[in-house]
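Position 1 is the first residue of the sequence, and the numbers go up from there.
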Amino acid sequence: MSSPSVVTDPLHLVLGDEELLVERALWAAVGAARAADPDAELRRVKVSELTPPELAELLSPSLFAEGRVLAVESAQDAGKEIAEALLAQAKQPVDGVTLVVVHTGGGRSKYAKELPNALRKLGARVTECNKITKSAEREAFVRDEVRRAGGKADAAAVAALIETVGSDLRELSAAATQLVADTGGKVDETAVRRYHRGRAEVTGFAVAEKAVTGDRAAALEALRWAVQLGVPHVLIADALADSVRTIGRVAAAGGRNDPFRLAGELGMPAWKVKKALAQSRGWTPKSLAAALQAVAEVNAGVKGMAADATYALERTVLRLVELRNQRS
């Protein structure tokens with residue numbers, strides 16, 4: 001039975017397509033419902049699997065007033081009938097029943113596209129879960145994860161964690177939590193490097209860093225090590241492309257400029273600009289243009305165009321080293 005002292009929101013809208021954040025928002029709604037009724041049951045169903053009568057049954061009052069949470073997922077796929085049924089049910093909430101609508105923000109039909117605004121107007125509690133694509137947003141996410149785990153991290157530690165772990169939010173969250181536990185809460189760059197020693201050597205970014213600085217032997221060794229340990233070819237190709245593009249953007253903006261000012265102009269973290277400034281030495285506009293072509297070709301290659309993706313990556317690494325070491 002629900003506790004009369006706990007008031008829960010009967011209608012939630014989880015809006016966005018960042019999977020980790022969406023999952024957290026859903027479980028936050030479940031947690032709120034279970035604060036009122038510890039036995040509240042969660043039922044998850046895709047909107048494409050629902051009919052209006054089934055939705056009505058799932059949201060109908062219970063004879064014994066058990067608490068329930070119904071999560072209607074992929075609501076961006078809703079057609080006219082189910083979208084209208086969702087709104088009709090949302091207008092008449094049932095005591096003890098929480099409706100959570102999970103929607104990416106897009107939609108295949110106009111009814112699906114209009115659903116988020118309609119739910120907002122009905123007073124839905126909205127949680128935004130948009131994709132994290134900007135460097136500053138990812139850094140903020142890592143800082144928040146460290147804080148959630150009870151620790152603190154400086155800017156250098158955040159940058160090092162992203163560099164060694166990558167951009168996947170689940171991995172970043174797990175790494176941040178583990179670091180807080182292992183360090184007693186004080187996370188600095190030294191701790192990140194110590195606890196993640198070896199991670200950088202198995203990422204595409206390590207391969208890219210050696211290639212764009214012209215270190216042939218180290219680049220090939222890093223590539224073969226990454227492939228042996230199962231780093232996806234596409235991630236290595238993406239890292240090569242990202243490094244070359246970053247050097248090109250920084251070089252085009254003026255290599256003598258202040259890195260902090262450049263970071264603001266280019267929308268990059270300062271540490272990444274500093275690294276690119278150092279890596280840009282030895283590159284010319286002509287060699288960078290050729291490098292951009294090479295990484296574009298390998299990206300297509302590892303996605304199906306090349307007969308041997310590993311060979312395509314090795315050839316590209318050698319090409320980047322050659323271009324970097326050209327004298328003219």
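Two residues are said to be in side-chain contact when any heavy atoms from C-beta on lie closer than 4.5 Å; Leu115 and His103 meet this criterion. Using a 4.5 Å cut-off on side-chain heavy atoms (C-beta onward), Leu122 and Leu11 make contact. You'll find the side chain of Glu314 reaches within 4.5 Å of the side chain of Arg224, heavy atoms only. By the 4.5 Å heavy-atom criterion applied to side chains, Leu313 and Val298 are counted as neighbours. The closest side-chain heavy-atom distance from Pro10 to Thr98 is not below 4.5 Å. Residues Leu169 and Ile132 form a side-chain contact, since some pair of their non-hydrogen atoms from C-beta on lies under 4.5 Å apart. When side chains are defined from C-beta on, Val187 does not count as touching Lys152, because their heavy atoms never get closer than 4.5 Å. In this structure, the side chains of Val22 and Glu19 stay at 4.5 Å or more apart for every pair of heavy atoms.
Checked by atom type, the side-chain pair Ser243/Thr246 shows no donor-acceptor distance below 3.5 Å. For the residue pair Glu221/Trp225, the side-chain donor-acceptor check at 3.5 Å is not satisfied.
With sequence neighbours excluded, the residues forming a salt bridge (Lys or Arg N to Asp or Glu O under 4.0 Å) with Asp242 are Lys272, listed by chain and number. For Val97, the side chain to side chain contact (heavy atoms under 4.5 Å, CB included) partners are Leu59, Arg68, Val94, not counting sequence neighbours. Taking the side chain to side chain donor-acceptor pair (under 3.5 Å) definition, one finds that Glu81 meets it with nothing, sequence neighbours left out. Among residues two or more places apart in sequence or in another chain, the salt bridge (Lys or Arg N to Asp or Glu O under 4.0 Å) test is passed with Arg108 by Asp77. Qualifying salt bridge (Lys or Arg N to Asp or Glu O under 4.0 Å) partners for Asp238, counting only residues two or more places apart in sequence or in other chains: none. Under the side chain to side chain contact (heavy atoms under 4.5 Å, CB included) criterion, Glu128 pairs with Leu15, Arg120, Val126, Asn130, sequence neighbours left out. Evaluation of the side chain to side chain donor-acceptor pair (under 3.5 Å) rule for Glu73 yields Arg44 as partners, not counting sequence neighbours. Contacts of Asn299 classified as side chain to side chain donor-acceptor pair (under 3.5 Å), with partners at least two apart in sequence or in another chain: none. In this structure Arg147 satisfies the side chain to side chain donor-acceptor pair (under 3.5 Å) test together with Asp144, sequence neighbours excluded. Annotation: salt bridge (Lys or Arg N to Asp or Glu O under 4.0 Å) contacts of Lys210 (sequence neighbours excluded): none.
Closest approach of Arg245 to Leu292, counting heavy atoms only: CG-CD2, 3.7 Å. Heavy-atom minimum distance, His12 versus Ala124: C-CB, 4.4 Å. For the pair Val250 and Ala276, the tightest heavy-atom approach, listed with the atom from each and the gap, is CG2-CB, 3.7 Å. In this structure, Ala291 and Leu320 approach most closely via the heavy-atom pair CB-CD2, 3.6 Å.
A donor-acceptor contact shorter than 3.5 Å links the side chain of Asn325 to the backbone of Gly214. Checking side-chain atoms of Ser109 against main-chain N and O of Ala78 turns up a donor-acceptor pair under 3.5 Å. Put simply, the side chain of Trp283 never gets that close to the backbone of Gly248: no donor and acceptor are under 3.5 Å apart. Of the possible donor and acceptor atoms, none in the side chain of Arg138 sits under 3.5 Å from a partner among the backbone N and O of Ile162. No donor-acceptor pair closer than 3.5 Å links the side chain of Glu18 to the backbone N or O of Cys129.
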Yes or no on side-chain contact (heavy atoms from CB on, under 4.5 Å) for Glu54 and Glu49, after CA distance, side-chain angles and deciding distance?
CA-CA 9 Å; Glu54 289 170 337; Glu49 300 171 355; over 6 Å; no
Test side-chain contact (heavy atoms from CB on, under 4.5 Å) on Leu70 and Val100; report intermediate values, then the result.
CA-CA 6 Å; Leu70 176 63; Val100 182; over 6 Å; no
Pair Arg125-Leu13, side-chain contact (heavy atoms from CB on, under 4.5 Å): steps then yes or no:
CA-CA 6 Å; Arg125 183 181 183 89; Leu13 171 61; over 6 Å; no
Trace of the side-chain contact (heavy atoms from CB on, under 4.5 Å) decision for Glu189 with Arg193:
CA-CA 6 Å; Glu189 183 177 5; Arg193 301 295 182 190; 3.4 Å; yes
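Interatomic distance, Gln293 CD to Leu288 CG, rounded to the nearest 0.5 Å: 13.5 Å.
A continuous path of hydrophobic side-chain contacts links Ile236 to Leu323 [ILVMFWY only; heavy atoms under 4.5 Å]. Under a hydrophobic-cluster definition in which Ile, Leu, Val, Met, Phe, Trp and Tyr are linked whenever side-chain heavy atoms come within less than 4.5 Å, directly or via other members, Leu220 and Val302 are assigned to the same cluster. Leu50 and Val69 fall into different hydrophobic clusters, where Ile, Leu, Val, Met, Phe, Trp and Tyr side chains are chained together by heavy-atom contacts under 4.5 Å. One hydrophobic cluster, built from ILVMFWY side chains closer than 4.5 Å, holds both Val317 and Val244.
Using a 4.0 Å cut-off between charged nitrogen and carboxylate oxygen, Glu322 and Arg319 count as a salt-bridge pair. Using a 4.0 Å cut-off between charged nitrogen and carboxylate oxygen, Glu145 and Arg24 count as a salt-bridge pair. Look at Glu114 and Lys110 and you find no salt bridge, because none of the NZ, NE, NH1 or NH2 atoms lies under 4.0 Å from a carboxylate O.
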Listing, residues 82-89 side-chain donor-acceptor contacts under 3.5 Å, not counting sequence neighbours, or none:
none

Show which side-chain atoms of residues 176-183 pair as donor or acceptor with protein atoms under 3.5 Å away, not counting sequence neighbours.
from	atom 1	to	atom 2	distance (Å)
Thr177	OG1	Ser173	O	2.9
Gln178	NE2	Asp182	OD1	2.9
Gln178	NE2	Asp182	OD2	3.1
Thr183	OG1	Leu179	O	2.7
Thr183	OG1	Gly185	N	3.4
Thr183	OG1	Lys186	O	3.4

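The environment of NZ in Lys91 is sparse: at most 12 heavy-atom neighbours from other residues, nucleotides or ligands sit within 6.0 Å.
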